[in-house]
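Following: one structure in structure tokens, then a few remarks.
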Amino acid sequence: MRLHTVTDGCGGDHEGGLTLTDAFGFPVLATSALTQAIGFLYRRAEVVLDRRAARRNADEERPPEVVPAVVVGDPGNPLDFELERLTAERAERLDSLVELLGLYAENEQLIDGQDERLRRNLGRLRAVLEDVYGRRITFVGEERPASGVRVVARAGDVHGKATGFRGGRVSRLANVEVEHDVEVVHPGGEATGAVIDDLL
């Protein structure tokens, strides 16, 4: 298991360990790898929007997703998200970005790894999907944790025990990132990033 924890007692204003640069930046990739990344993110966005619009039932049989080699880590199941996380604002942003990126998804000859506008929009699409899925989506060559579960826990004053993430039985292959943001830990209090009961 790969577990990355950050326990911050300064009450800093950040979410999921992402700065604005991290959230909206996108790596410069070779055209073939960038094509894979675009296809992956575009299909994920379509799944999210289709489910929200009830165009497809969550239990409907689908062809299994093939995760391209450009994705690092485990991005999770495409249907594994809570609709409550898809707010109206996020859905609107997804709709807009899917429309913008559809041209590239359908015309691969237009893809250019040096196209800054394209990479900026891909970064925005990824940021929305990460918020919806509660997971990081990381591509080759990036200096960020691999794709996997991202947990953000916030607490003000801690007098007893505060744990950012507690897992019962967790696979050793899992990749979990936990950020536990605590303002003040009082005497006798305890702030822990993560507690795992049993590694499989």
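Between the side chain of Arg136 and the main chain of Ala146, no donor-acceptor pair closer than 3.5 Å is present. Proximity of a side-chain donor or acceptor of Ser147 to a complementary backbone N or O of Thr138 within less than 3.5 Å is detected. With hydrogens and angles disregarded, a donor-acceptor distance shorter than 3.5 Å links the side chain of Arg90 to the backbone of Arg85. Using modelled atom types, one side-chain atom of Thr35 and one backbone atom of Thr31 make a donor-acceptor pair closer than 3.5 Å. Under the 3.5 Å distance criterion, the side-chain polar atoms of Asp80 are left unmatched by any main-chain donor or acceptor of Gly76. Of the possible donor and acceptor atoms, one in the side chain of Asn77 sits under 3.5 Å from a partner among the backbone N and O of Leu79.
With a 6.0 Å cutoff to the six-membered ring centre and a 45° limit on the axis angle, Arg144 does not count as a cation-pi contact of Phe139. Cation-pi geometry between Arg44 and Tyr133 is met: the NZ or CZ atom falls under 6.0 Å from the ring centre, inside 45° of the normal.
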Problem set entry | Criterion ring pair (Phe, Tyr, Trp, His ring centres under 6.0 Å) on Tyr104 and Tyr42, from CA distance to verdict | CA-CA 10 Å; Tyr104 297 95; Tyr42 187 81; over 10 Å; no

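Taking the side chain as every heavy atom from C-beta outward, Phe26 and Arg124 never approach each other to under 4.5 Å. Taking the side chain as every heavy atom from C-beta outward, Asp74 and Arg135 approach each other to under 4.5 Å. Side-chain contact between Ile38 and Leu118: present, with at least one pair of heavy atoms (C-beta onward) separated by less than 4.5 Å. Residues Leu83 and Arg51 meet the side-chain proximity criterion, which asks for heavy atoms closer than 4.5 Å.
For Gln109, the CD atom counts as densely surrounded, since its 6.0 Å shell holds more than 12 non-hydrogen atoms of other residues, nucleotides or ligands.
Grouping the Ile, Leu, Val, Met, Phe, Trp and Tyr side chains by contacts below 4.5 angstrom, directly or via other members, places Ile111 apart from Val28.
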